[in-house]
Amino acid sequence: MATKKPYTRHDVLFSSGDSSCAAWLYLPTGVTSPPVVILGHGLGATRDMRLDAFAERFAKAGIAAFAFTYRHFGDSGGHPRQLLSIKRQLADWDAAISWVKARRGLDSTRIAVWGSSFGGGHAITVASRHPELRAAVAQCPFTDGLASALALGPAASVKASPVVARDLVAKVRRIAPVMIPLAGPPGSLALMNAPDALPGYQAIVPDGTTFRNEVAARVIPSLVTYRPGRAAKKIDFPILFCVSNTDTVTPPDQTLRYARTAPRGEIKTYDAGHFDFYLGEPFEALVRDQIEFLTRQLDSAPVIPSPGRAAPHRR
């Protein structure tokens with residue numbers, strides 16, 4: 001006799017601004033009006049780069065999951081392609097929340113947001129703007145653009161300046177954007193060039209993906225001035241910060257300083273690196289902690305582990 005799948009996945013297209021975002025909705029089997037967590041990814045990443053792995057685990061634990069891809073990336077709409085706009089991405093989060101609230105069969109009073117890396121910074125910003133939410137998770141979050149830029153070193157800014165200038169001219173002339181790699185080898189011109197950045201990205205890119213390792217260079221000035229960590233102090237509901245002690249992309253010391261300002265913040269630290277969070281034992285540790293937190297905050301009864309399956313635990 002076939003075992004019933006613990007969740008179903010549904011393709012979704014929801015409107016945002018002048019276009020639309022593609023998403024997956026994971027519904028736990030046999031759960032009436034479940035709580036839901038909305039998942040958004042990091043710099044230029046698409047939802048098939050391991051957001052599905054987290055969403056599946058949440059759905060198995062009885063929590064619906066809504067994983068989306070920002071406009072201008074992957075199979076979402078928006079032109080020009082590979083345009084990273086902080087304002088537009090935050091609007092995508094707002095649109096995702098609105099869609100979830102209106103979707104029949106989900107409990108609109110029990111919604112959480114979950115973001116990783118750059119999306120972790122967005123999750124902090126979004127949480128500060130939506131007091132009606134119940135919880136938030138910020139995984140290896142981008143909290144301070146200036147701190148991240150300093151981690152790259154002054155030489156990186158000098159290298160990037162001509163490319164940014166050319167792309168700003170392209171914007172004015174309304175021609176194709178001038179691109180810069182999202183991740184590259186050490187010393188190269190890229191938004192992330194730590195030793196683990198390029199292999200880390202490559203490790204989570206599945207076969208046949210729509211992911212492109214490039215972004216319009218015009219985003220760089222706004223990245224440096226984006227400091228979502230400052231909004232942590234405005235979040236009145238529980239937020240879990242999952243921080244890498246060895247993070248080469250989002251400096252952990254600054255992230256921890258911001259995390260401690262959240263009135264109801266919880267902090268978990270891990271020795272795994274920024275890109276290690278998505279795979280292997282680091283992923284298992286993270287997802288256990290996140291399920292425990294979300295289950296507790298969303299008042300959802302935890303799933304009893306089957307024999308041989310590790311139970312969620314607090315670190």
Peer 1: Using the test side-chain hydrogen bond (donor to acceptor under 3.5 Å, both in side chains), find all partners of Thr8 that sit at least two apart in sequence or belong to another chain.
Peer 2: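 Here the qualifying residues are His10.
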Peer 1: Could you give all pairs that pass the salt bridge (Lys or Arg N to Asp or Glu O under 4.0 Å) test and reach residues 234-262, with sequence neighbours left out?
Peer 2: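 Qualifying pairs: none.
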Peer 1: With a 4.0 Å cut-off on N to O distance, would you call Glu292 and Arg57 a salt bridge?
Peer 2: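 Salt bridge between Glu292 and Arg57, a charged N being under 4.0 Å from a carboxylate O: no.
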Peer 1: Mind jotting down which residue pairs meet the side chain to side chain donor-acceptor pair (under 3.5 Å) criterion with at least one end in residues 199-208? Sequence neighbours excluded, please.
Peer 2: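 Those involving residues 199-208 do not exist here.
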Peer 1: What is the distance from atom CD1 of Ile111 to atom NE2 of His130, rounded to the nearest 0.5 Å?
Peer 2: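 Answer rounded to 0.5 Å: 10.0 Å.
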Peer 1: Counting C-beta onward and ignoring hydrogens, is there a side-chain heavy-atom pair between Leu168 and Val172 closer than 4.5 Å?
Peer 2: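 Leu168 vs Val172: side chains apart.
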Peer 1: Write down the atom of Ala217, the atom of Ile180, and the distance for their closest heavy-atom approach.
Peer 2: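 Smallest interatomic distance, heavy atoms only, reads CA-CG2, 3.9 Å.
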Peer 1: Would the distance check show the side chain of Ser148 and the main-chain N or O of Thr250 forming a donor-acceptor pair, the cut-off being under 3.5 Å?
Peer 2: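 No.
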Peer 1: My understanding is that only residues two or more places apart in sequence, or in another chain, count here; which of them pass side-chain hydrogen bond (donor to acceptor under 3.5 Å, both in side chains) with Asn213?
Peer 2: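 Not a single residue meets the side-chain hydrogen bond (donor to acceptor under 3.5 Å, both in side chains) criterion with Asn213.
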Peer 1: Give a yes or no on whether the backbone of Arg110 and the side-chain of Arg134 come within a donor-acceptor separation of less than 3.5 Å.
Peer 2: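 Side chain of Arg134 to backbone of Arg110, a donor-acceptor pair under 3.5 Å: no, none is there.
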Peer 1: Who are the ring pair (Phe, Tyr, Trp, His ring centres under 6.0 Å) partners of Phe277, not counting sequence neighbours?
Peer 2: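 Ring pair (Phe, Tyr, Trp, His ring centres under 6.0 Å) list for Phe277, sorted by chain: Tyr270.
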Peer 1: Please list, chain by chain and in numerical order, all residues satisfying side chain to side chain contact (heavy atoms under 4.5 Å, CB included) with Ala123, sequence neighbours excluded.
Peer 2: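 Partners of Ala123 by the side chain to side chain contact (heavy atoms under 4.5 Å, CB included) criterion, ordered by chain and then number, come out as Val113.
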Peer 1: Under the rule for side-chain hydrogen bond (donor to acceptor under 3.5 Å, both in side chains), what residues qualify as partners of Arg103, not counting sequence neighbours?
Peer 2: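 None.
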Peer 1: Would you confirm whether Thr269, through its side chain, and Val243, through its main-chain N or O, come within 3.5 Å as a donor-acceptor pair?
Peer 2: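 Checked: no pair found.
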Peer 1: Below 4.5 Å, heavy atoms only, C-beta onward: do Leu223 and Leu43 meet side chain to side chain?
Peer 2: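 Answer yes - side chains close enough.
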Peer 1: Determine whether Val178 and Leu189 fall in the same hydrophobic cluster, where Ile, Leu, Val, Met, Phe, Trp and Tyr are linked whenever their side-chain heavy atoms lie under 4.5 Å apart.
Peer 2: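 The answer is yes; both residues are in one hydrophobic cluster.
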Peer 1: Is the ring pair Tyr70/His122 parallel, tilted or perpendicular, if the boundaries are 30 and 60 degrees?
Peer 2: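 Tyr70 and His122: perpendicular rings.
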Peer 1: Please report the interatomic distance OG(Ser16) to CZ(Arg71), rounded to the nearest 0.5 Å.
Peer 2: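 Reported to 0.5 Å precision, the distance equals 3.5 Å.
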Peer 1: Going by atom types alone, do Thr255 and Thr143 pair a side-chain donor with an acceptor below 3.5 Å?
Peer 2: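 Side-chain D/A pair, Thr255 to Thr143: present.
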Peer 1: As a quick check of understanding, evaluate side chain to side chain contact (heavy atoms under 4.5 Å, CB included) for Asp92 and Thr69, giving each step before the final call.
Peer 2: CA-CA 9 Å; Asp92 293 344; Thr69 298; over 6 Å; no
Peer 1: Checking Asp48 side chain against Thr209 main chain: does a donor-acceptor pair fall under 3.5 Å?
Peer 2: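 Absent.
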Peer 1: Could you name each residue pair satisfying side chain to side chain donor-acceptor pair (under 3.5 Å) that touches residues 74-83, not counting sequence neighbours?
Peer 2: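 Pairs touching residues 74-83 that pass the test: Arg47-Asp75.
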Peer 1: State plainly whether one hydrophobic cluster holds both Val137 and Leu106, where clusters connect Ile, Leu, Val, Met, Phe, Trp and Tyr through side-chain heavy atoms under 4.5 angstrom apart.
Peer 2: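 Val137 clusters together with Leu106.
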Peer 1: Do you know which of Trp24, Phe14, Tyr26 makes ring-ring contact (aromatic ring centres under 6.0 Å, His included) with Phe66?
Peer 2: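 With Phe66 as partner, Trp24, Phe14, Tyr26 yield a single ring-ring contact (aromatic ring centres under 6.0 Å, His included), made by Phe14.
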Peer 1: Could you tell me which non-hydrogen atom of Ala65 sits nearest to which non-hydrogen atom of Phe58, and how far apart they are?
Peer 2: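 Closest approach of Ala65 to Phe58: CB-CB, 4.5 Å.
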Peer 1: Hey, could you give me the CD1/CD1 distance between Ile124 and Ile235, rounded to the nearest 0.5 Å?
Peer 2: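 Output value for this atom pair is 6.0 Å.
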Peer 1: Nearest 0.5 Å, please: how far is CG in Asp167 from CE in Met179?
Peer 2: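 Rounded to the nearest 0.5 Å, the CE-CG separation comes out at 7.5 Å.
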Peer 1: Is it true that a side-chain atom of Ser188 and a backbone atom of Ala190 form a donor plus acceptor pair closer than 3.5 Å?
Peer 2: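 A pair under 3.5 Å: no.
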Peer 1: Could you tell me whether the side chain of Val205 reaches within less than 4.5 Å of the side chain of Met49, counting heavy atoms only?
Peer 2: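 Met49 vs Val205: side chains touch.
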Peer 1: Once side-chain hydrogen bond (donor to acceptor under 3.5 Å, both in side chains) is applied, do any residues pair with Trp99, and if so which ones, sequence neighbours excluded?
Peer 2: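 Counting only residues at least two positions away or on another chain, Trp99 forms no side-chain hydrogen bond (donor to acceptor under 3.5 Å, both in side chains).
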Peer 1: Tell me the closest heavy-atom pair linking Pro251 and Val249, and the distance in Å.
Peer 2: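 So the minimum-distance heavy-atom pair works out to CD-O, 3.5 Å.
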Peer 1: Considering non-hydrogen atoms only, spot the tightest contact between Trp93 and Gly119 and give its length.
Peer 2: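 Closest approach of Trp93 to Gly119, heavy atoms only: CZ2-O, 4.1 Å.
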Peer 1: Excluding sequence neighbours, so at least two apart, what forms ring pair (Phe, Tyr, Trp, His ring centres under 6.0 Å) with Phe293?
Peer 2: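 Partners of Phe293 under the ring pair (Phe, Tyr, Trp, His ring centres under 6.0 Å) test: none.
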Peer 1: To the nearest 0.5 Å, what is the distance between CZ on Arg218 and CZ on Arg166?
Peer 2: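 Interatomic distance, Arg218 CZ to Arg166 CZ, rounded to 0.5 Å: 13.0 Å.
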Peer 1: Flag the pair Leu298 / Asp107 as yes when at least one side-chain heavy-atom distance between them is below 4.5 Å, and no otherwise.
Peer 2: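 No, side chains not in contact.
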Peer 1: Please list every donor-acceptor pair under 3.5 Å in which a side-chain atom of residues 28-36 meets a protein atom from a residue at least two apart or in another chain.
Peer 2:
residue : atom : partner : partner atom : Å
Thr29   : OG1  : Lys5    : O            : 2.7
Thr29   : OG1  : Pro6    : O            : 3.3
Thr29   : OG1  : Tyr7    : N            : 3.2

Peer 1: How far apart are the closest heavy atoms of Gly74 and Thr210, and which atoms are they?
Peer 2: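 In this case the closest contact between Gly74 and Thr210 is CA-OG1, 3.1 Å.
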Peer 1: If I take atom SG from residue Cys242 and atom CG from residue Leu286, how far apart are they, to the nearest 0.5 angstrom?
Peer 2: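 Those atoms lie 5.5 Å apart.
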Peer 1: Which pairs with one or both residues in residues 38-57 pass ring-ring contact (aromatic ring centres under 6.0 Å, His included), sequence neighbours excluded?
Peer 2: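 Output for this query lists His41-Tyr278, Phe54-Trp114, Phe54-Phe283.
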Peer 1: Please give me the minimum heavy-atom distance between Leu182 and Gly44, naming the atom from each residue.
Peer 2: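 Minimum heavy-atom separation between Leu182 and Gly44: CD1-CA, 3.8 Å.
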Peer 1: Looking at Val100, Ile291, Leu294, which one forms a side chain to side chain contact (heavy atoms under 4.5 Å, CB included) with Val37?
Peer 2: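 Of the listed options, the one satisfying the test is Leu294.
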